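Here is the naming used below: chain letters follow the sequence lines, and residue numbers restart at 1 for every chain. The structure presented is a predicted model; accordingly, all values stated were derived computationally and were not measured.
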Amino acid sequence: MIRLTIDGKEIVTEEGKTILEAAREGGIAIPTLCYHEQLSPIASCRLCIVEVEGYEKPMTSCTTPAVEGISVITRSDRLLKLRREFLNLILTAHPLDCPQCDKGGECRVQELAYEHGIETIEYAALRKDHKEAYATPLIRYWQLRCVLCGRCVQACREVAGRAAIDIKGRGFEARIAPTENGDCISCGECLSLCPVGALTEALSPIKGRIWQSERTDTACPHCGFGCRLTLNVIDGKIISKVISETNLPPNNASLCIRGRFGYDFANHEARLTEPFQRIAGEKKRVEREEALKITAENLQRLSGLGKGIGFIVSPRATNEEIFLISRIAALFKNSRVASSASYHTGKVAAAFRQMGISPGYRYDSIRTCKTIIVAGADLLVNNHLLANKVREAVKFNGARVIVVDPLPCALSGIADAHLKVTPGQDALVFNALSRRLLLDDKYDKEAETLDGFVELRQALTADHEEPSLMSGGVEAEMLDKAYGLLRDEGDAGVIFASGITGNAESLAALLNFCLLKGLHKRGLIMPAALQANAVGAVSIVKDMASPDELLCDSNISGLFIYEEDPFHYLNGEMVQNALGQKAFIAVCDLLPTAVMDFSHLVLPSSSFAEKEGAFISGDGIVRAVRKACRGTAAGYAFLNELLDRLGGKRYDNQAEITSELQRLGILKEEGDAQEAPGIGKARFKASKKCRALSAECQALSAQSSALSPQHCVLLSPQHSVLCPPKDTPAQGETRKYRLILRDLFMNHHLLSFPCSSVGTNHHGGHDAASQHSVLSTYFSKDLLFMSPEDAALLQIAAGESVCIESADGAVTRPVAIKAGIKTGVLECFLGDTLRQGVPIRSEMLALSLRPSKVIAVSVRKV
Amino acid sequence: MTDIIFSSWQNELFDGRGTAAPDNGPPANLQLAAEFSPGERIKALMGWDGIVLRDDDVDIVDMCAKYAEAVQQESCGKCFPCRVGTRIVADWLKKIAAGEGKEAYPGKIRDLALSIRDGSKCSIGQTGMIPILDALDYFPQAFAAAITEQKKAREGRYRFSVTAPCVSVCPSNLDIPRYVEEIREQRFAASLATIRQGVCMAGTLGRVCIHPCESNCRRANIDEAISIKWLKRYVADYEMEKNRHPEIQGHHHKDAKKVAVIGAGPAGLSCAYYLSLMGYRVTIFEKLPEPGGMAAVGIPDYRLPRAILHSEVEIVREAGVEIRYGVEIGKEIKFADIRKDHDAVFIGVGAQGSSPMGVEGEEKNYRGFISGVQYLLDINLGRDPYPEGKKVVVVGGGNVAIDCVRSSFRIGKPDVNLVYRRSKAEMPADPAEIKDAEEEKVNFHYLCNPTKILEKDGKVVGVECIRMELGEPDQSGRRRPVPVPGSEFVIETDILIPAIGQKVDYSFLEEADGVKLSKRKTVDADGETFATSQAGVFASGDCVTGPDVLVRATGNGKRAAEKIDLFLTGNKVEASIDERFRTLFSTLGVYNKKEQLGVIGGRKRAHLPMLDPEERKRTFEEVEAGYTTPVAQGEAARCLRCYRIGMIALG
């Protein structure tokens with residue numbers, strides 16, 4: 001600890017801190033503009049200058065280290081004169097846009113000018129407005145308002161890990177412009193950190209000022225990371241933008257394109273407001289009371305006939321809604337509850353239970369890892385914030401990154417080793433790594449006490465040489481490099497997603513590896529959660545079925561679908577046939593979906609902004625969902641009434657559900673909220689700050705509180721490791737390519753309709769295509785990609801059409817070329833249903849009868 | 001400097017304007033060349049430390065306006081005072097120079113210039129206003145007249161260039177502040193690309209460069225110099241570790257002219273790389289089976305792993321250069337044939353021959369008597385040069401001598417000694433290397449010199465030495481060692497290695513080739529154009545200068561490439577404007593060791609983690625690991641970005 005004096009006050013701080021940090025800790029305010037605690041100091045505004053006794057020149061306190069014994073002055077005539085001079089310079093050629101600038105009322109320059117009593121601008125100089133397009137059409141750049149503080153450029157590099165924008169030009173003509181590499185992923189980091197109105201959100205035409213809107217912190221409804229975001233709501237109804245200034249964990253004010261710009265569906269004019277029946281293809285409006293009656297009667301009737309009742313519940317519904325559905329299901333003699341959460345999180349939960357791995361790893365422990373493996377998780381399309389956490393580990397801890405994925409992904413740029421594994425053969429890679437650990441004696445010795453260790457060791461080390469098949473399509477050099485990074489001491493972490501869970505052996509091999517390395521005790525095993533409440537769904541629904549299983553179950557005759565659309569992720573023909581076999585189908589959702597065309601009764605639900613409840617994010621923490629818009633939580637209300645109607649208990653008070661979940665051991669009380677806001681801006685928000693629920697969720701296993709790591713069980717390989725896994729071409733399998741589907745489980749609300757429906761965007765058109773593309777891919781018109789090597793082999797030029805054939809179907813589509821894709825692999829984004837006139841999603845899903853992320857196909861030029 | 005009439009340079013005021021005879025003369029250490037190029041006289045200089053004037057017909061108002069415009073042009077835009085402030089100052093000065101000035105301007109310019117000077121982030125803003133403030137202070141009547149009379153200033157002819165203390169002493173002219181800033185901004189690929197604009201051996205230099213830049217680093221005035229060398233190593237290693245592939249353009253037109261390069265050492269590789277990027281078809285002829293010259297055979301793997309050199313040579317090859325190994329000019333092919341088959345030739349054979357010690361028995365070829373370069377070459381090619389020998393004595397005090405002793409441990413020699421005729425303080429080797437050798441327990445014998453080699457049965461058994469004492473300084477400035485009579489003694493040894501200097505092997509040249517040698521028996525080449533006495537034949541590197549540092553070889557290799565390009569395109573082969581400015585600035589002196597920066601430091605440089613001495617002396621594994629990302633960025637953030645602008649008025 002060191003001691004220094006600031007403005008006569010003695011301050012004690014740690015070595016390595018800057019004077020600014022020390023001052024803030026001691027409650028002394030120094031004016032800043034470009035400084036932001038999430039970024040390395042930029043020192044472009046020069047406003048934080050201080051004087052240090054014994055030194056002639058003023059110095060920026062944001063970059064000057066606090067040194068033992070120095071005496072610092074933060075306010076003096078000289079400093080004040082200089083600060084006013086610099087503010088004058090900032091305001092030179094800064095347009096008087098305050099009346100129409102989005103940032104009016106929360107603008108740093110306004111605040112500083114006011115604090116420093118700037119009444120006139122001393123200088124004048126001409127600046128040319130180049131009117132260049134910004135890196136993304138979702139954000140507008142106002143060059144003349146820009147003060148070139150440099151926060152946006154730094155944020156893009158340091159936080160998002162991209163290099164999408166840079167300073168262009170010199171001197172007074174300098175401005176922010178997109179770089180040539182087209183790196184922008186519209187995460188909006190730049191937008192979020194801009195201290196003035198130079199970067200504004202260009203999606204919603206209606207904004208409203210800070211005093212005209214209500215801001216509510218809530219949970220993001222898209223992926224399972226659990227980001228907090230703040231909804232800016234006008235008139236209590238319309239979400240006009242998402243901001244993320246409150247520095248709350250787990251995302252610390254960062255978001256991705258979906259979190260930041262994927263809100264518009266909640267305002268959509270096509271949203272359902274009233275129940276209706278479908279009779280002979282015609283819609284007939286019914287009253288809510290009637291709808292309740294129809295539902296209850298039909299389900300009871302079918303149950304009485306000995307038929308089964310099926311429920312498909314969205315993994316983006318709140319804990320409370322899922323709980324009500326599970327209570328409703330329990331009232332029927334023969335019922336099953338399914339969710340698309342079963343495809344990934346469900347499998348992980350089962351594996352963890354079987355192997356006794358305790359879930360609930362904090363995202364912050366990523367930062368302490370020395371080596372991080374990211375397997376089967378691209379982190380661009382889903383769980384983008386995990387990539388940010390990994391980048392932080394690299395930045396602060398010099399962590400090494402190993403990517404195991406056949407496709408280029410968010411971390412390819414900083415990966416020390418990129419193992420381009422053949423899709424589905426990840427087991428071979430992890431078995432190879434496990435084998436080396438065993439042979440080198442570098443495994444965690446406590447693993448020897450686990451069940452199954454002896455068999456595993458036997459199976460993996462039986463052969464003298466590592467058979468070439470064991471590398472799973474990965475070059476020996478690359479495997480060596482990866483092993484070299486993993487072999488030694490130091491915390492290691494594994495992050496994985498559906499690329500691994502799609503194949504049972506891959507998951508088993510990966511978890512075996514984790515146990516051998518002792519990651520369950522010292523390190524990290526983190527399954528990414530693909531949907532906002534996948535973890536909650538899997539915890540609350542015991543014996544969760546998969547939707548395709550349930551649909552094809554001929555015993556199930558009555559079907560209640562809550563905020564899901566099976567057509568979104570399953571083979572259309574299969575779904576249609578299955579639906580045709582059901583006697584009664586009721587669908588409750590926010591927006592019209594494809595499955596509604598086959599249902600008997602349609603009920604309106606509410607958007608996440610109208611709900612009050614909770615999600616459980618991928619790290620097992622409960623994330624509060626707060627009501628930001630007026631309007632009833634129609635879905636919850638209906639379920640509650642239905643439960644009551646069917647003879648169950650009513651839950652008018654959600655706190656009762658919380659108690660119930662605690663009683664069942666699904667939620668665990670832990671103490672006060674761990675979240676504390678950081679010092680973000682010069683002034684603090686008023687009481688609308690959100691306090692997340694404090695309970696911690698031991699979600700993935702009801703008994704997990706009793707399980708300790710000693711009970712971990714190693715999952716022995718099902719077959720001997722020399723036997724090829726099921727996905728490799730067996731005898732007669734001629735299809736040499738593997739098609740990987742991306743965006744399979746994205747929030748279907750984002751795709752139902754073109755968004756930005758509230759009038760036309762008065763900032764000046766982007767075309768309809770980019771309206772759609774906004775939320776699914778990154779403005780690329782291309783959705784299907786292959787490697788340059790394969791394109792050369794098949795003599796296909798970019799943009800030409802290919803015919804893709806699987807065992808179950810064929811598709812013809814134009815293909816684009818992307819460097820970095822493994823040969824033999826195709827990548828397809830299932831973005832927008834309405835792209836290019838023909839829905840790509842349903843076409844691609846038609847290629848496989850069973851739900852699968854990886855499909856064996858043959859490819860030829862058309 | 002008798003014709004200087006005014007100078008405010010470095011606050012040493014000399015005002016000899018008008019007819020009054022001044023009491024003092026211009027400052028003795030002010031070195032301003034009379035001409036910029038033949039025929040272009042330097043009438044005045046405006047720069048980071050003030051104004052120097054030779055002719056009073058220079059219109060100071062005009063020069064100020066042009067200088068301020070230059071500052072605004074070079075302003076990176078990343079801080080407010082410089083970005084906006086210098087625009088406003090330049091506008092006001094332009095108005096005055098256009099005869100539209102107002103009375104209030106000089107005062108306003110002064111006030112704003114002081115704020116820019118005190119508030120700017122880097123030296124462009126901090127120093128850019130100094131000459132303007134000096135002009136306002138010492139030439140007030142010029143401004144007053146321009147404003148009262150509303151008359152247009154007399155336009156002069158000017159040139160300006162940007163420099164920095166580190167840049168001005170880098171023999172390869174690397175844009176150091178830029179590549180360091182790019183590291184701070186996490187743009188590692190961009191940083192490496194900036195480095196590659198000047199050298200193609202970033203990883204090598206990042207490990208072995210003698211870093212004159214660091215000795216001229218302004219940061220040392222407040223705490224410690226920036227670790228420029230290790231930062232260079234960081235970005236080079238980053239590319240290798242992350243398996244990135246740089247984009248190197250290597251296309252050649254089929255009618256491209258052909259250039260032969262003799263020697264694949266740093267000079268040759270540089271020359272070839274840049275010539276190839278310019279579009280020429282280049283072939284390197286290298287007599288050894290490995291590329292790198294002294295960097296490969298002279299520098300052991302524990303300092304420079306061979307993989308680094310190989311990856312750099314790969315890049316040179318990707319640029320389109322063909323390298324033929326095992327081809328010795330003079331043996332396999334004659335120089336004359338090479339000259340005939342190519343449109344130009346570059347000689348970069350280096351100085352790998354061993355200089356004789358002048359000791360009795362030296363020429364007898366006893367077993368165990370091995371020259372330093374040969375010793376290292378053998379070790380680097382993987383063989384023990386003399387397995388029977390167990391005791392080693394190396395004579396010499398340079399890096400080759402230190403490399404010999406440290407390598408000796410690593411091939412299992414238990415008893416290693418170094419004999420040097422002067423004291424430790426005079427040793428020319430890198431002090432860090434000397435320290436590492438001490439840690440590894442080399443026995444140093446200072447102030448002794450060998451006189452006679454002792455042999456038995458044709459094998460070395462010992463060396464007779466005589467003690468020395470230091471006398472008067474010689475032409476290198478070091479005190480000359482003088483033998484102490486009667487102080488002879490014997491050191492027993494079986495291996496004796498002379499490593500006192502290297503000489504050029506020019507035996508591949510025949511008289512008829514027309515390439516003359518200098519008095520010191522090196523290849524004679526012009527200092528500016530690198531041309532030899534034979535048309536179309538150029539040379540640089542150790543074969544011209546004698547043994548010198550790697551970074552100068554790379555720098556001059558590139559410069560030679562540019563001269564060869566001038567030659568092949570039929571242009572006059574002469575120094576470029578940039579080169580002339582470099583000479584001008586380096587004579588003027590850019591780094592001021594005594595400068596008081598007036599700010600607090602408080603951050604020491606980050607060091608590299610090193611292997612333990614007892615462990616590392618047994619292995620050829622690299623002794624130092626590189627920086628990690630956060631450490632590299634933290635180190636890069638210490639850079640003060642000392643760019644500054646010098647502008648001359650020409651007559």
Enclosure of A/E15 CD (heavy-atom neighbours >12, cutoff 6.0 Å): no
Minimal heavy-atom distance between B/Q186 and A/E158, with the atoms involved, is OE1-CA, 3.5 Å
Measure the CD1-SG distance between A/I42 and B/C79 for me, rounded to the nearest 0.5 Å. 13.0 Å
Quick one: are A/V52 and B/V599 in side-chain contact, heavy atoms under 4.5 Å? no
Check whether more than 12 heavy atoms from other residues, nucleotides or ligands sit under 6.0 Å from atom CZ of A/R78, and answer yes or no. yes
Tell me, side chain or backbone of B/F188 under 4.5 Å from chain A's heavy atoms, or both, or neither? neither
Which portion of B/S115 sits near chain A, non-hydrogen atoms under 4.5 angstrom: both
Can you tell me if CD on A/E68 sees more than 12 non-hydrogen neighbours from other groups inside 6.0 Å? yes
Can you tell which part of B/R184 gets under 4.5 Å to a heavy atom of chain A, answering side chain, backbone, both or neither? side chain
Can you confirm whether B/K95 is buried at NZ, in the sense that more than 12 heavy atoms of other residues, nucleotides or ligands lie under 6.0 Å from that atom? no
The interface call for A/N88 against chain B, heavy-atom contacts under 4.5 Å, is neither
With a 4.5 angstrom heavy-atom cut-off, could you sort out which part of A/R127 is near chain B: side chain, backbone, both or neither? side chain
Gap between atom OG1 of B/T629 and atom CZ of A/R391 - 0.5 Å precision: 13.0 Å
Under a 4.5 Å heavy-atom cut-off, does chain A meet the side chain of B/R83, its backbone, both or neither? both
Part of A/R83 lying under 4.5 Å from any heavy atom of chain B: neither
Picking from A/A174, A/G398, A/C149, A/P65, which has the most non-hydrogen pairs under 4.5 angstrom with chain B? A/P65
So does A/A163 get a backbone contact from the side chain of B/R187, meaning a donor-acceptor N/O pair under 3.5 Å? no
Please state whether the side chain, the backbone, both or neither of A/L82 comes within less than 4.5 Å of a heavy atom of chain B. side chain
Under 3.5 Å: donor-acceptor pair, side chain of B/K242, backbone of A/I414: yes
Considering all heavy atoms of both residues, which atom of B/D118 and which atom of A/P58 are nearest to each other, and what is their separation? O-CG, 3.7 Å
Atom of A/F86, atom of B/P81 and distance for their closest heavy-atom approach: CE2-CG, 3.6 Å
Between B/K78 and A/A43, is there a donor-acceptor pair closer than 3.5 Å when you use the side chain of the first and the backbone of the second? no
Under a 4.5 Å heavy-atom cut-off, does chain B meet the side chain of A/V147, its backbone, both or neither? both
Using a cut-off of under 4.5 Å on heavy-atom pairs, state which of A/Q154, A/E56, A/R157 scores highest against chain B. A/R157
Spell out, as yes or no, whether a donor-acceptor pair under 3.5 Å connects the side chain of A/R46 to the backbone of B/S120. yes
Taking every heavy atom of A/L33 against every heavy atom of B/F80, the minimum-distance pair comes out as CD2-CE1, 3.8 Å
Please determine whether the number of non-hydrogen atoms from other residues, nucleotides or ligands lying under 6.0 Å from atom CD of A/E53 exceeds 12. no
Would you indicate whether the side-chain heavy atoms of B/I600 and A/V67 approach each other to under 4.5 Å? yes
Do B/S75 and A/R170 have side chains that get closer than 4.5 Å, going by heavy atoms? no
Side chain from CB out, backbone as N, CA, C, O: work out which of these in A/I167 comes under 4.5 Å of a heavy atom of chain B, or both, or neither. side chain
Which pair of non-hydrogen atoms, one from B/R603 and one from A/T63, has the smallest distance, and what is that distance? NH1-O, 3.3 Å
Chain A heavy atoms under 4.5 Å from B/E74: which part of the residue, side chain, backbone, both or neither? both
Rounded to the nearest 0.5 Å, how far does CG of A/L89 lie from CD1 of B/I88? 5.0 Å
Residues A/E85 and B/D111: closest non-hydrogen pair is OE2-O, 4.0 Å
Ranked by heavy-atom pairs below 4.5 Å to chain A, first place among B/G598, B/A637, B/G601 goes to B/G598
Does some side-chain heavy atom of A/L126 sit less than 4.5 Å from a side-chain heavy atom of B/D91? no
In plain terms, say whether A/R400 and B/E241 are close enough for a salt bridge, that is, a side-chain N and a carboxylate O under 4.0 Å apart. yes
Quick one, B/L112 and A/Y123 - any side-chain contact, counting heavy atoms below 4.5 Å? yes
Part of B/Q73 within contact of chain A (heavy atom distance under 4.5 Å): backbone
